[in-house]
Amino acid sequence: MILIHINNVPQPLTEPTSLAAVILAQDIALDSVAIVLNSEVVPRNRWQSILCQHEDKLELFSAVAGG
């Protein structure tokens, strides 16, 4: 089992999973978030190719409209 942390919440994975798949599993639209993986911003074009590793820390950010 792989244990990752999404916004400081532990999330178990049964197998190596891409960042894109992790976001989709959270029921979040891919075009509405930015991902920071282990303190580094990950460009959207790399989300499919990066597989989560045990103890990875993901931070998800989304833009909020308003003023």
Side-chain angles (χ1 to χ4, degrees):
M1 180 185 306
I2 297 169
L3 182 66
I4 63 172
H5 302 270
I6 301 174
N7 293 343
N8 293 320
V9 176
Q11 177 77 37
L13 302 174
T14 57
E15 61 187 6
T17 306
S18 72
L19 291 176
V22 167
I23 300 308
L24 290 173
Q26 299 295 311
D27 203 25
I28 298 172
L30 292 177
D31 61 351
S32 69
V33 297
I35 299 176
V36 175
L37 172 63
N38 300 324
S39 301
E40 291 190 32
V41 176
V42 180
R44 191 175 311 270
N45 64 352
R46 295 188 53 218
W47 291 4
Q48 289 288 349
S49 62
I50 295 177
L51 298 179
C52 292
Q53 303 296 314
H54 187 64
E55 293 297 330
D56 273 349
K57 292 175 180 26
L58 280 72
E59 296 175 60
L60 309 180
F61 296 91
S62 60
V64 178

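In this structure L51 satisfies the side chain to side chain contact (heavy atoms under 4.5 Å, CB included) test together with P16, S18, Q53, sequence neighbours excluded. Residues forming a side chain to side chain donor-acceptor pair (under 3.5 Å) with N7 (at least two apart in sequence, or on another chain): none.
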side-chain contact (heavy atoms from CB on, under 4.5 Å) evaluation trace for L19 with V42:
CA-CA 9 Å; L19 291 176; V42 180; 3.9 Å; yes
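Put simply, CD on E15 and CE on M1 are 12.5 Å apart, with the number rounded to the nearest 0.5 Å. Taking CD1 of I23 as the start and OG1 of T17 as the end, the distance is 11.5 Å to the nearest 0.5 Å. Between the CG atom in N38 and the CD atom in E40 there is a gap of 8.0 Å [rounded to 0.5 Å].
The heavy-atom pair separating I28 from S32 by the smallest distance is CG2-OG, 3.8 Å.
For the pair L60 and I35, the minimum side-chain heavy-atom distance is below 4.5 Å. In this structure, the side chains of F61 and V33 stay at 4.5 Å or more apart for every pair of heavy atoms.
The environment of R46 atom CZ is sparse: at most 12 non-hydrogen atoms of other residues, nucleotides or ligands sit within 6.0 angstrom.
Side chain to side chain, E59 and H5 fail the donor-acceptor criterion of an N or O pair below 3.5 Å.
When the side chains of ILVMFWY residues are joined at heavy-atom separations under 4.5 Å, either directly or via intervening members, L3 and I50 end up in two distinct hydrophobic clusters.
The backbone N or O of I2 lies less than 3.5 Å from no partner atom in the side chain of H54, so there is not a single donor-acceptor pair. The backbone N or O of I4 lies less than 3.5 Å from no partner atom in the side chain of D56, so there is not a single donor-acceptor pair.
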